[in-house]
Amino acid sequence: MCLTSQIQRERERERERMEKENSNASAEVMRNKQVIYREKVQGSLKETHLEVRTSSERPKADKDSGAIMVKNLYLACDPYNLHLIKFSTQLGSTVSGYGVARVLESGHPNFKKGDLVLGLTRWEEYSLITAPKTCFKIEHTDVPLSYYTGLLGMPGLTAYAGFFEVCSPKKGDTVFISAASGAVGQLVGQFAKLFGCYVVGSAGSKEKVDLLKNKFGFDDAFNYKEELDLDAALKRCFPEGIDIYFENVGGKMLDAVLPNMKLHGRITVCGMISQYNLEQHEGVHNLINLIWKRVRMEGFSVSDFYHLYPKFLEMVLPQIREGKIAYTEDIAEGLENGPAALVGVFSGRNIGKQVVVVSRK
């Protein structure tokens, strides 16, 4: 009788212990820190437009639902985030963006629990991705996972497709890149150097200019904030003109570049960060040079080139492993620091690719 009572007591204690563990595990998943779009953006993005909240709502991927539930690890901070906020996010909703995540639950046949994925997710600890066709499964983990937000993610593919597919480069071309120390620019410059081009970049501080020349291997670079005459700066760097301009800035820089293009030059328009926070965009006055110099100017979206992602990885992974490509990240620890990190991208506060770390495991 005593033995039976002892066994019952032990079983009761075990049941209580397991219930407590399950309760703690459930509570851990139930807490979901999120970045919310709280105030409409008019003009420049400010931290007050965003708010960090904790939700008790647990996302769930039901069996055969076609969705996956993930734990977000790393989030990308890029200028395109502002476009998503302004045009694709309702007030009171969670901000979205590209990130690296681990699958916790899967209702999709192509993903299983434990898989690492890169794709469009939300700025929160746990997300339900209802269209995982936008996700790539991460197969190569011998490089830092955070690289998949930049070098091996959307910015890397943007640099690859924009330069090789849109620019149509030739060995020996003279290449100018604005916002050259950013997530895309630093890679375009290195791809161009490896291809055999002469490369110059512009950036907004002495530290960034030094990075371009000393770490990323650019032939020359200048701080556009210190140049009183952008036309003169470009003539100094390109006395015979520019074959390829990789456009990330717009405005006054684009206006200065146009007269300095060579005959049959190419301008690839990737972004225009100087215009994103303006209520009224600046005009461009030198467009007639497109006619005089037979310049081809073409914009593109990286989504047009997702099918090239395997080919891109095939090229870039060996170069990373062999140390042929340098890469700089600016890390913000914790989702609560995400709004400040994103705002800083538009003032040039970041050095290299801005990443927000949600969790490292």
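These numbers come from the heavy atoms of this one structure, side chains and all, not from hydrogens, waters or symmetry mates. Along the sequence shown, residues carry numbers from 1. Predicted, not measured: the structure shown is a model, and the values here were computed from it.
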Exercise. So, K293 side chain and M261 main chain: donor-acceptor pair closer than 3.5 Å or not?
Worked result: yes
Exercise. Considering the options L313, D142, L152, which one meets the side-chain contact (heavy atoms from CB on, under 4.5 Å) requirement together with I320?
Worked result: L152
For this session: Hey, could you give me the CD/CD distance between Q42 and E39, rounded to the nearest 0.5 Å?
Result: 8.5 Å
For this session: State which residues pass ring-ring contact (aromatic ring centres under 6.0 Å, His included) with Y224; sequence neighbours excluded, sorted by chain then number.
Result: none
Problem set entry | Single-linkage hydrophobic cluster F300~V257, side-chain heavy atoms < 4.5 angstrom | no
For this session: Report yes if some heavy atom in the side chain of L211 is under 4.5 Å from a heavy atom in the side chain of F218; otherwise report no.
Result: no
Exercise. Is there side-chain contact between M154 and T149, with at least one heavy-atom pair below 4.5 Å?
Worked result: no
Exercise. Side-chain contact, heavy-atom cut-off 4.5 Å: L254 with V284?
Worked result: yes
For this session: Without swapping roles, check the side chain of N286 against the backbone of L258 for a donor-acceptor pair under 3.5 Å.
Result: no
For this session: Is it possible for you to say whether L120 and Y37 belong to one hydrophobic cluster, with membership spreading through side-chain heavy-atom contacts below 4.5 Å?
Result: no
Exercise. Looking only at heavy atoms, what is the nearest atom pair of L118 and G153, with distance?
Worked result: CD2-CA, 3.8 Å
Problem set entry | ILVMFWY cluster, V143 and F312 together (side-chain gap under 4.5 Å) | yes
Problem set entry | By salt bridge (charged side-chain N to carboxylate O under 4.0 Å, His left out) - contacts of K324 (at least two apart) | E322
Seminar exercise, completed: Sorted by chain and residue number, the ring-ring contact (aromatic ring centres under 6.0 Å, His included) partners of Y327 (sequence neighbours excluded) come out as Y147
Exercise. Mind checking whether P339 and V52 have side chains closer than 4.5 Å, heavy atoms only?
Worked result: yes
Seminar exercise, completed: For H285 and D255, the nearest pair of non-hydrogen atoms, with its separation, is N-OD1, 2.8 Å
Name each donor-acceptor pair under 3.5 Å that joins a side chain in residues 161-184 to protein atoms two or more places apart or in another chain, with its distance.
from : atom 1 : to   : atom 2 : distance (Å)
K171 : NZ     : F195 : O      : 3.1
D173 : OD2    : K170 : N      : 2.8
D173 : OD2    : R266 : NH2    : 2.8
T174 : OG1    : G241 : O      : 3.0
T174 : OG1    : D243 : N      : 2.9
T174 : OG1    : D243 : OD2    : 3.1
S178 : OG     : Y245 : OH     : 2.9
S178 : OG     : E247 : OE1    : 3.4
S178 : OG     : N248 : N      : 3.0

Exercise. Does anything in residues 43-64 pair up under ring pair (Phe, Tyr, Trp, His ring centres under 6.0 Å), and if so which pairs, sequence neighbours excluded?
Worked result: none
Exercise. Is S301 reaching over with its side chain to a backbone N or O of D304, donor-acceptor style, under 3.5 angstrom?
Worked result: no
Problem set entry | Main-chain N/O of G348 paired with K208 side-chain donor or acceptor, under 3.5 Å | yes
Seminar exercise, completed: ring-ring contact (aromatic ring centres under 6.0 Å, His included) filter on H83, not counting sequence neighbours, yields F87
For this session: Show your working on side chain to side chain contact (heavy atoms under 4.5 Å, CB included) between F346 and L45 and close with a plain yes or no.
Result: CA-CA 8 Å; F346 293 95; L45 179 69; 4.2 Å; yes
Seminar exercise, completed: Contacts of E47 meeting salt bridge (charged side-chain N to carboxylate O under 4.0 Å, His left out) (sequence neighbours excluded), chain-then-number -> none
For this session: Look at the side chain of R122 and the backbone N and O of T94, then say whether any donor-acceptor pair between them is shorter than 3.5 Å.
Result: yes
Exercise. Do you know the tightest heavy-atom contact between V345 and P79?
Worked result: CG1-CD, 4.1 Å
For this session: Begin from the C-alpha positions of R102 and D115 and carry the test salt bridge (Lys or Arg N to Asp or Glu O under 4.0 Å) through to its verdict.
Result: CA-CA 6 Å; R102 187 183 304 279; D115 282 348; over 6 Å; no
Exercise. Can you check whether Q275 reaches E282 side chain to side chain, under 4.5 Å on heavy atoms?
Worked result: yes
Exercise. Who are the salt bridge (charged side-chain N to carboxylate O under 4.0 Å, His left out) partners of E298, not counting sequence neighbours?
Worked result: R296
Exercise. Does K353 have any salt bridge (charged side-chain N to carboxylate O under 4.0 Å, His left out) partners at least two apart in sequence or in another chain, and if so, which?
Worked result: D78
For this session: Return yes if some donor-acceptor pair links the side-chain N/O of K137 with the main-chain N/O of N110 below 3.5 Å, else return no.
Result: yes
Seminar exercise, completed: Heavy atoms of T89 and S96 approach each other most closely as OG1-OG, 4.5 Å
For this session: Taking the side chain as every heavy atom from C-beta outward, state whether E124 and N72 have any pair of such atoms under 4.5 Å apart.
Result: yes
Exercise. I36, L84: one ILVMFWY side-chain cluster at the under-4.5 Å cut-off?
Worked result: no
Problem set entry | Separation between NZ of K60 and OG of S65, rounded to the nearest 0.5 Å | 9.5 Å
Compile the donor-acceptor pairs under 3.5 Å between side chains in residues 328-337 and protein atoms, sequence neighbours left out, one pair per line.
from : atom 1 : to   : atom 2 : distance (Å)
T328 : OG1    : K215 : NZ     : 3.1
E329 : OE1    : S146 : OG     : 3.1
E329 : OE2    : S146 : OG     : 2.9
D330 : OD2    : I351 : N      : 2.9
E333 : OE2    : R360 : NE     : 3.4
E333 : OE2    : R360 : NH2    : 2.3
E336 : OE1    : K33  : NZ     : 3.3
N337 : ND2    : E333 : O      : 2.6

Exercise. Is there a donor-acceptor pair under 3.5 Å between the side chain of R38 and the backbone N or O of T48?
Worked result: yes
Problem set entry | Exercise: identify the closest heavy-atom pair between Q319 and F191 | OE1-CE2, 4.4 Å
Exercise. Should C77 and V355 count as side-chain neighbours, where that means a heavy-atom distance under 4.5 Å?
Worked result: no
Please list, one pair per line, the donor and acceptor atoms closer than 3.5 Å that link side chains of residues 228-236 to other protein atoms, with sequence neighbours excluded.
from : atom 1 : to   : atom 2 : distance (Å)
D229 : OD1    : D231 : N      : 3.0
D229 : OD1    : A232 : N      : 3.1
D231 : OD1    : K235 : NZ     : 3.0
D231 : OD1    : N260 : ND2    : 2.9
D231 : OD2    : K235 : NZ     : 3.2
K235 : NZ     : N260 : OD1    : 3.2
R236 : NH2    : E227 : OE2    : 2.9

For this session: Please answer: with hydrophobic residues joined when any side-chain heavy atoms are less than 4.5 Å apart, are I242 and L290 in the same cluster?
Result: yes
Seminar exercise, completed: So NZ of K361 and CG of L73: to nearest 0.5 Å the spacing works out to 11.5 Å
Exercise. Above 12 or not: heavy atoms from other molecules or residues under 6.0 Å from NZ of K206?
Worked result: no
For this session: Verify whether the ring centers belonging to Y148 and Y74 lie closer than 6.0 Å.
Result: no
Exercise. Does any non-hydrogen side-chain atom of V95 lie less than 4.5 Å from one of L50?
Worked result: yes
Exercise. Are S55 and N32 linked by a side-chain donor-acceptor pair shorter than 3.5 Å?
Worked result: no
Exercise. Other than F111, which residues form its hydrophobic cluster under the rule that side-chain heavy atoms must be closer than 4.5 Å?
Worked result: I68, V70, V103, V117, I129
Exercise. Are the side chain of Q34 and the backbone of W123 linked by a donor-acceptor contact shorter than 3.5 Å?
Worked result: no
Exercise. Which atom pair, heavy atoms only, marks the closest approach of R349 to A341?
Worked result: NH2-N, 4.3 Å
Exercise. What about the rings of Y80 and Y98, do their centers lie closer together than 6.0 Å?
Worked result: yes
